[in-house]
Enquirer: 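I have a structure here, written as structure tokens, and I will follow up with some questions on it.
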Amino acid sequence: MIADEARERVGEIRDGLRRAMRALSVPGPDWGAAVDALLDASREANELALRCLDETVRGDADDKR
């Protein structure tokens, strides 16, 4: 993964959080839409965190060679 890909993924996570905020920022909040958006953002964030961790481990392994 390259940094540009990671930044793109962060943008997707932010989009999900914005969708959740919009769903909750109306007089009659759409709790279901907020949950869906938050779960999507959470899955994306978890996957990105794992990819970043993988890159860290690879970098550490390369440093030890």
Side-chain angles (χ1 to χ4, degrees):
M1 176 171 61
I2 61 174
D4 286 341
E5 292 170 332
R7 286 189 292 272
E8 184 177 322
R9 299 289 294 276
V10 169
E12 293 169 4
I13 294 163
R14 286 179 176 167
D15 289 343
L17 295 174
R18 281 188 204 100
R19 284 194 311 275
M21 182 63 82
R22 280 194 301 273
L24 298 172
S25 296
V26 294
D30 186 341
W31 297 104
V35 167
D36 290 343
L38 289 167
L39 288 175
D40 287 344
S42 177
R43 279 190 288 272
E44 288 285 334
N46 286 333
E47 186 177 318
L48 178 57
L50 290 174
R51 297 274 312 269
C52 290
L53 182 59
D54 184 51
E55 293 295 331
T56 300
V57 170
R58 286 181 191 190
D60 289 349
D62 289 343
D63 290 344
K64 292 180 182 177
R65 289 184 199 170

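Residues: numbered from 1 along the sequence shown.
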Enquirer: Specify the closest pair of heavy atoms between P29 and P27, including all atoms of both residues, with the distance to one decimal.
Expert: CD-O, 3.2 Å
Enquirer: Shortest non-hydrogen contact from E5 to I2?
Expert: OE1-N, 2.8 Å
Enquirer: Please write out which residues are connected to L24 in a hydrophobic cluster, directly or through intermediates, given that two of Ile, Leu, Val, Met, Phe, Trp, Tyr count as joined at side-chain heavy-atom separations below 4.5 angstrom.
Expert: W31
Enquirer: Among R9, R51, R14, which residue meets the salt bridge (Lys or Arg N to Asp or Glu O under 4.0 Å) test with E44?
Expert: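 Only match with E44 under salt bridge (Lys or Arg N to Asp or Glu O under 4.0 Å): R9.
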Enquirer: Name all pairs fulfilling the salt bridge (Lys or Arg N to Asp or Glu O under 4.0 Å) condition that reach into residues 16-25, sequence neighbours left out, sorted by first residue then second.
Expert: D15-R18
Enquirer: Should L38 and M21 be counted in the same cluster of Ile, Leu, Val, Met, Phe, Trp and Tyr side chains packed under 4.5 Å apart?
Expert: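 No, separate clusters.
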Enquirer: A quick test of your reading: do over 12 heavy atoms of other residues, nucleotides or ligands sit less than 6.0 Å from CD of E12?
Expert: yes
Enquirer: First locate atom CG of L50, then atom CG of D54, and finally report the distance between them rounded to the nearest 0.5 Å.
Expert: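 Rounded to the nearest 0.5 Å, the CG-CG separation comes to 8.5 Å.
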Enquirer: Grab the two heavy atoms, one from A20 and one from A37, that are nearest each other, plus how far apart they are.
Expert: N-CB, 3.7 Å
Enquirer: Under 4.5 Å between side-chain heavy atoms, chaining through other members, with only Ile, Leu, Val, Met, Phe, Trp and Tyr counted: pull out the rest of the cluster around V35, sorted by chain and number.
Expert: L39
